Novice: 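Below is the structure I would like to discuss, written out as structure tokens.
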Amino acid sequence: MGSRKGQKEMSKYRWKVMPLFLAAALALSACGSSMKETGAKGQESDRTVEEAENKDGAGEAQPANEDGLTKETAEEEAQAPEGDIEAEDQEESKTPAAEKEKKSEIVIPDISMEQRDIPDLEAMEFVKNMKAGWNLGNTLDAFTGNGNAGLSSEQSWGMVPTTNEIVAAIKEGGFETIRIPVTWHNHLEKEAGSDSFSIDSKWLERVREVVDYGINNDLYVIINIHHDTGKSAYYPDSAHYEQSEQYIRTVWETVSEQFKDYDEHLIFESMNEPRLMGTPYEWNFQENVEECKDSIDCINKLNQVFVDTVRASGGKNADRYLMVPGYSASLAGEDTDLFLLPTDSAENKLIVSAHAYTPYNFALQPKTEGGSTDSFPAQAGAGRLEIDSLMNKLYQRFVSQGIPVVIGEYGAMNKNDNLQDRVNYYAYYVAAARARGITCCIWDNGLFGGDGELFGLYDRQAGEWGYPEIVDAVMKYAWND
């Protein structure tokens, strides 16, 4: 779909070196699940709905991974950590000053990658045209306090209100896709004496406004149900299935109606990393464990409810592209025969949604933990083998069978200002994915300073790229096909 500015525009980048900012942003609620070493998440870990209802928005950074779960290696079948990285630590969200001389030494590695055979299908071409994606993290997915938080929730994790200028800058940077995580449970209007609810109309209008920024800038736009995993919203087990089905159906009935006239550039994603929160299996899917079997069965059913609800709303929803995850959107929860795609009245319009912060010890593991590394060599190393293993499994199970895949979240946080290693990582990750017909959406939580999960890429307040070299690395291989 033509650069839509594309590589042609890359020569027009106007990168600026960021000044030093030491302003502190809002601290967040002292809750949130630990970062897990198995293949789901580690980022701004999804907090439960119950936790949100008992907090007022003030708190501390998330705890680090304490489970000691095994991660995928090139020789093992265990899954590498992947998943939802929505860091809530908002201690210092400004880009650190970096010396021009140091940045000028950054080199984007040349990577030769074998191109795999991609089925000649419209859906594969659609995903190919999405090129590279960017996440508007810690924004419309942010939440604090009790009940309906109103429009102020957008800034509750330290981000500035999203503007058209911000989204236009993402497009200018060469990204063709924007993923907009959305949390709904703290924007509901509940009927007294009833389990029924509706979505606050002002919140729905705000979501639509931000979606329109993407559409008007000629971007593909992904919206979803994000931080709503909890026992008072949806929770994927049999004990809470009836309530969960009602929640998924009601939200998507409302959202589908709101956007039924939008064209295929708008993509719906059913859920973000559905999982058994607060259990030993939250980030450690085990297909032989009964609790996991039950959960993935519920996730399959909820994905089916999502598809049926969207299709029944008519309009352009009848054949819109829809994304569905497996358990925790992780490789382990998707590279299993227990994960089933929904049946669909539209032909070949389903996309598998995966998250993968792989290799965990480089991309996501806190630098203070044993085994963490800030090194990712340009031309060799175990990290490259783990990425190869991840991409091969996604390719073999899905892409080679004509089922498109979008990695909705990936990234490597700043550790000790290891910019060259991160450039090496992003280049290799995107090259490996694109060679197998997979499009990736980089996680950007707006964090540049402090001790949290530093996945900041675009400084939304300053209106500048904090690490243009990373963007260059992504674009070099996202557009190289």
Side-chain angles (χ1 to χ4, degrees), residues 36-42 46 69-72 76-85 116 123-124 127 179 222 224-225 229 236 267-276 281-289 291-304 306-307 321-344 348-360 364 386-410 429 432-433 436-441 443:
K36 304 304 175 183
E37 187 173 336
T38 67
K41 151 162 198 141
D46 271 327
L69 301 172
T70 58
K71 67 180 186 305
E72 177 185 36
E76 298 174 331
E77 290 300 314
Q79 171 192 3
E82 22 196 278
D84 174 32
I85 208 149
R116 306 304 172 89
M124 294 300 175
V127 167
R179 183 172 180 259
I222 302 168
N224 69 356
I225 290 178
T229 309
I267 303 161
F268 295 160
E269 179 185 28
S270 64
M271 298 169 282
N272 181 74
E273 300 178 358
R275 62 198 186 278
L276 296 173
Y281 306 108
E282 181 172 358
W283 303 115
N284 184 25
F285 178 78
Q286 300 290 325
E287 64 180 3
N288 294 322
V289 172
E291 291 95 322
C292 294
K293 290 180 180 179
D294 175 67
S295 183
I296 201 168
D297 180 61
C298 290
I299 291 167
N300 290 337
K301 292 177 181 177
L302 292 174
N303 278 332
Q304 187 67 62
F306 159 69
V307 170
Y321 281 95
L322 304 178
M323 291 172 59
V324 293
Y327 185 95
S328 73
S330 66
L331 180 62
E334 295 177 344
D335 188 24
T336 170
D337 292 339
L338 297 177
F339 172 52
L340 304 175
L341 287 179
T343 58
D344 190 6
N348 203 21
K349 289 299 180 74
L350 298 181
I351 301 170
V352 171
S353 173
H355 294 179
Y357 296 91
T358 303
Y360 172 73
L364 189 57
E386 289 191 39
I387 291 173
D388 288 343
S389 178
L390 163 74
M391 299 303 176
N392 283 337
K393 289 176 181 178
L394 290 174
Y395 172 80
Q396 290 163 6
R397 180 167 285 272
F398 300 113
V399 178
S400 67
Q401 304 304 309
I403 302 167
V405 174
V406 168
I407 295 179
E409 293 182 20
Y410 79 106
Y429 195 107
R436 296 163 176 84
I438 298 170
T439 287
C440 307
C441 299
W443 180 255

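Throughout, residue positions are numbered sequentially from 1 according to the sequence presented. From a predicted model like this one, the values you see are computed outputs, not experimental measurements.
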Novice: Between V127 and V405, does a side-chain contact (heavy atoms from CB on, under 4.5 Å) hold up when you go through it step by step?
Specialist: CA-CA 8 Å; V127 167; V405 174; over 6 Å; no
Novice: Could you please spell out the steps behind the salt bridge (charged side-chain N to carboxylate O under 4.0 Å, His left out) verdict for D297 and K301?
Specialist: CA-CA 6 Å; D297 180 61; K301 292 177 181 177; 3.3 Å; yes
Novice: Go through the steps for I299 and R275 under the test side-chain contact (heavy atoms from CB on, under 4.5 Å), then give the verdict.
Specialist: CA-CA 8 Å; I299 291 167; R275 62 198 186 278; over 6 Å; no
Novice: With a 4.5 Å cut-off on side-chain heavy atoms, are I225 and S270 touching?
Specialist: no
Novice: Which atoms form the tightest heavy-atom contact between E334 and G326, and what is the distance?
Specialist: OE2-N, 2.9 Å
Novice: Against P404, only a single residue in V399, N348, L350 fulfils side-chain contact (heavy atoms from CB on, under 4.5 Å); can you say which?
Specialist: N348
Novice: Using distance alone, with no hydrogens and no angle criterion, decide if S328 and E282 have a side-chain donor and acceptor under 3.5 Å apart.
Specialist: no
Novice: Take R116 and N392, measure what side-chain contact (heavy atoms from CB on, under 4.5 Å) needs, and give me the verdict at the end.
Specialist: CA-CA 10 Å; R116 306 304 172 89; N392 283 337; 3.3 Å; yes
Novice: Taking all non-hydrogen atoms of both residues, which atom of E269 and which atom of S353 are closest, and how far apart?
Specialist: OE2-OG, 2.6 Å
Novice: Rounded to the nearest 0.5 Å, what's the gap from CZ on R436 to OG on S400? Could you check?
Specialist: 11.5 Å
Novice: How close do F339 and V324 get, counting heavy atoms only, and between which atoms?
Specialist: CZ-O, 4.2 Å
Novice: State plainly whether the residues E409 and R179 are in salt-bridge range, i.e. N to O under 4.0 Å.
Specialist: yes
Novice: Which word best sums up how the rings of F285 and Y327 line up, parallel for under 30°, tilted for 30 to 60°, or perpendicular for over 60°?
Specialist: tilted
Novice: Counting C-beta onward and ignoring hydrogens, is there a side-chain heavy-atom pair between C441 and V406 closer than 4.5 Å?
Specialist: yes
Novice: State, yes or no, whether a side-chain contact exists between P342 and F306 at a heavy-atom distance under 4.5 Å.
Specialist: no
Novice: If you measure from CG on N272 to NE2 on H355, what distance do you get to the nearest 0.5 Å?
Specialist: 5.0 Å
Novice: Evaluate the side-chain proximity of M391 to I407: yes if any heavy-atom separation is below 4.5 Å, no if none is.
Specialist: yes
Novice: Working to the nearest 0.5 angstrom, can you tell me the gap between N300 CG and L340 CG?
Specialist: 4.5 Å
Novice: Among V289, N288, I296, which residue satisfies the side-chain contact (heavy atoms from CB on, under 4.5 Å) criterion with C292?
Specialist: V289
Novice: Rounded at 0.5 Å granularity, tell me how far CG in L390 sits from OH in Y410.
Specialist: 12.5 Å
Novice: Grab the two heavy atoms, one from L276 and one from P236, that are nearest each other, plus how far apart they are.
Specialist: CD2-O, 3.5 Å
Novice: Rounded to the nearest 0.5 Å, what separates atom CD1 in I403 from atom CG in L394?
Specialist: 11.5 Å
Novice: Drop me the distance from D344's CG to N303's CG, to the nearest 0.5 angstrom.
Specialist: 11.5 Å
